[in-house]
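Chain letters run A, B, ... following the sequence lines, proteins first, then strands; residues in each count from 1.
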2 protein chains.
Amino acid sequence: MKHESFNESVEMYLKTVSELAAGNDLAPISALAERLGVSTVSATEMVHRLCEKGLLDHTPYKGVALTEDGRRRAQRVIRRHRLWECFLVDFLNLPWEKVHDYACRLEHATDTAVTEALAAFLNHPQTCPHGNPIPSAVGDVAAANDTPLGDLQPGDHGAISRIYPESLLLLDYLAARGILPGQPVEFEEIAPFNGPLMIKIGGETHALGQEIAAHIFMELTDDTH
Amino acid sequence: MKHESFNESVEMYLKTVSELAAGNDLAPISALAERLGVSTVSATEMVHRLCEKGLLDHTPYKGVALTEDGRRRAQRVIRRHRLWECFLVDFLNLPWEKVHDYACRLEHATDTAVTEALAAFLNHPQTCPHGNPIPSAVGDVAAANDTPLGDLQPGDHGAISRIYPESLLLLDYLAARGILPGQPVEFEEIAPFNGPLMIKIGGETHALGQEIAAHIFMELTDDTH
DNA sequence: GTTTATTATAAGGCTTACCTAAAAATTTAA
DNA sequence: TTAAATTTTTAGGTAAGCCTTATAATAAAC
Ligand SMILES: [Mn+2]
Ligand SMILES: [Mn+2]
Ligand SMILES: [Mn+2]
Ligand SMILES: [Mn+2]
């Protein structure tokens, strides 16, 4: 069964590098390995293979980056992923927090013709249900100008723009608490000694750990006028 | 990446055995190998593995059959396949003759929750766009009572009920000639020496080889009254 | 009943993607 | 600048799915 173009592992590596290296720095192989649930030796091997194929650049002891070719390939997978998420939520009424995992399988089995027909059917949505931008068919992505909740200061307020990177565990946690894109947010205070952030979201105050706060992005309401 | 349940090769073997053994006889390993595009040695190896897993029964020198477990697994894949075909044709407006191949990838990457939500969204269709019945969620299939075109006699007439088994080459050929389910058919004559069948379909007469005729199923109009 | 064709097995190999354990190289922190 | 932590490499293995060539077993045809 020679399904050349259908290589789940390669696509997941590229997608994960794209996530970890968001912000144009290098993705450490150790982080890659952890995210993908493989040993660092395995990840290193795969990184070497992908470097030979011209999809990654590896700077030893620093980390890996996508080449232009690798970036395009990653964006195409991400496009399929997010389009499927839209379909699964908007038409199949599947739960917001579950569709990420369903789409993570479909994304590797979707022909370009199907992807583009799906995009047209969905009327070319701009973001996935979790707020992340859907790359164009040629792999361009709109630059985000939002801020991680973890970078804000008490007193700041705005609205949740997106959850990134996504994972079932995180989405489940957030869904259970109604912490979704669009919700208004007020940063109340930060507990001392690197404690949790006290955040009022949709009327209720939540204590969020720093790690979770790093995954919640906000569009600030600027009231310095 | 331990995607256990997502084993394309195994699923394709089971599906192919189901197709070849339609009519409760045994599927020869040689036919399996040919259909899957692998060597007979490879197919034999895989058949052994699937026998050990309790999915197939192998009668040496005769062929293989699905066990009850294997049959259910195959029907579940076929259900996903045909549901996707419906979606691709009816909602994404993709070509009738191409969706078989697109669905052949998606069928291995579709969670049960997605499958059932899709079935509900499509309003539980009974057949795929090529006329083949969609198994129920528990793996039951409606018994067909149609006849291959190749088994008919000159003078018989009726309508095309389905194309089976499906393949891109065959569907492309038929689509180009408007030979689709629902079309009225009149069997005019059969050329001597195992020659082609002369068939009037939707007003036009086509010369169909015996092999193609074996893939076109008809519901006869009984006019012995 | 012997020949021929089909089917099965044996033997040896390949690639991808994973694993563990141990050693070496490099960076970072004390 | 030395010690500690991180990162990489080496070595040896596994399993799934493929491959070819060659031989053995069985079934079908003559
Ligand atoms: Mn995936
Ligand atoms: Mn998403
Ligand atoms: Mn398939
Ligand atoms: Mn079909």
Query raised in the report: Using a cut-off of less than 4.0 Å, is there contact between a side-chain N or O of A:R49 and OP1 or OP2 of C:dA17?
Result: yes

Report summary line: Taken to the nearest whole Å, CG/B:N7 to C1'/D:dA15 is 12 Å

Query raised in the report: Cation over ring, A:R105 on A:Y102, under 6.0 Å and within 45°?
Result: no

**Report entry** Separation of atom CD in A:E11 from atom P in C:dT16, rounded to whole Å
**Finding:** 16 Å

Review item, side-chain donor-acceptor pairs of residues 207-216 of chain B, under 3.5 Å, at least two apart:
unit_1: B:Q210; atom_1: NE2; unit_2: B:G195; atom_2: O; d: 3.4
unit_1: B:H215; atom_1: ND1; unit_2: B:P165; atom_2: O; d: 3.2

**Report entry** Separation of atom CG in A:L36 from atom P in C:dC19, rounded to whole Å
**Finding:** 10 Å

Requested in this report: Please state how far atom CG in A:L32 lies from atom P in C:dA17, giving the value in whole angstrom units.
Outcome: 14 Å

Report task. Grab the CD-C1' distance between A:E45 and C:dA17 for me, whole Å please. Result -> 8 Å

Any protein N or O atoms within reach of nucleotides 3-10 of chain C? Criterion: under 3.5 Å, listing atom names and distances.
unit_1: C:dT7; atom_1: OP2; unit_2: B:S30; atom_2: OG; d: 3.2
unit_1: C:dA8; atom_1: OP1; unit_2: B:H58; atom_2: NE2; d: 2.8
unit_1: C:dA8; atom_1: OP1; unit_2: B:Y61; atom_2: N; d: 2.9
unit_1: C:dT9; atom_1: OP2; unit_2: B:H48; atom_2: NE2; d: 3.0

Query - Any residue meeting side chain to side chain contact (heavy atoms under 4.5 Å, CB included) with B:S136, in chain and number order, not counting sequence neighbours - result: B:V138, B:D140

Report summary line: Hits for salt bridge (Lys or Arg N to Asp or Glu O under 4.0 Å) against B:E116, two or more places apart or cross-chain, chain-then-number order -> B:R79

Query - Atom pair distance, as rounded to whole Å: CD in B:E34 and P in D:dC18 - result: 16 Å

Requested in this report: Ignoring backbone atoms, establish whether A:S42 has a side-chain N or O less than 4.0 Å from OP1 or OP2 of C:dC19.
Outcome: yes

Enumerate donor-acceptor pairs with a distance under 3.5 Å from any side-chain N or O in residues 148-155 of chain B to protein atoms, sequence neighbours excluded.
none

Query raised in the report: Can you name the residues that form a side-chain hydrogen bond (donor to acceptor under 3.5 Å, both in side chains) with A:D146, not counting sequence neighbours?
Result: A:S161, A:R162

Query raised in the report: Rounded to the nearest Å, what distance is computed from the CD atom of residue B:E8 to the P atom of nucleotide C:dA17?
Result: 14 Å

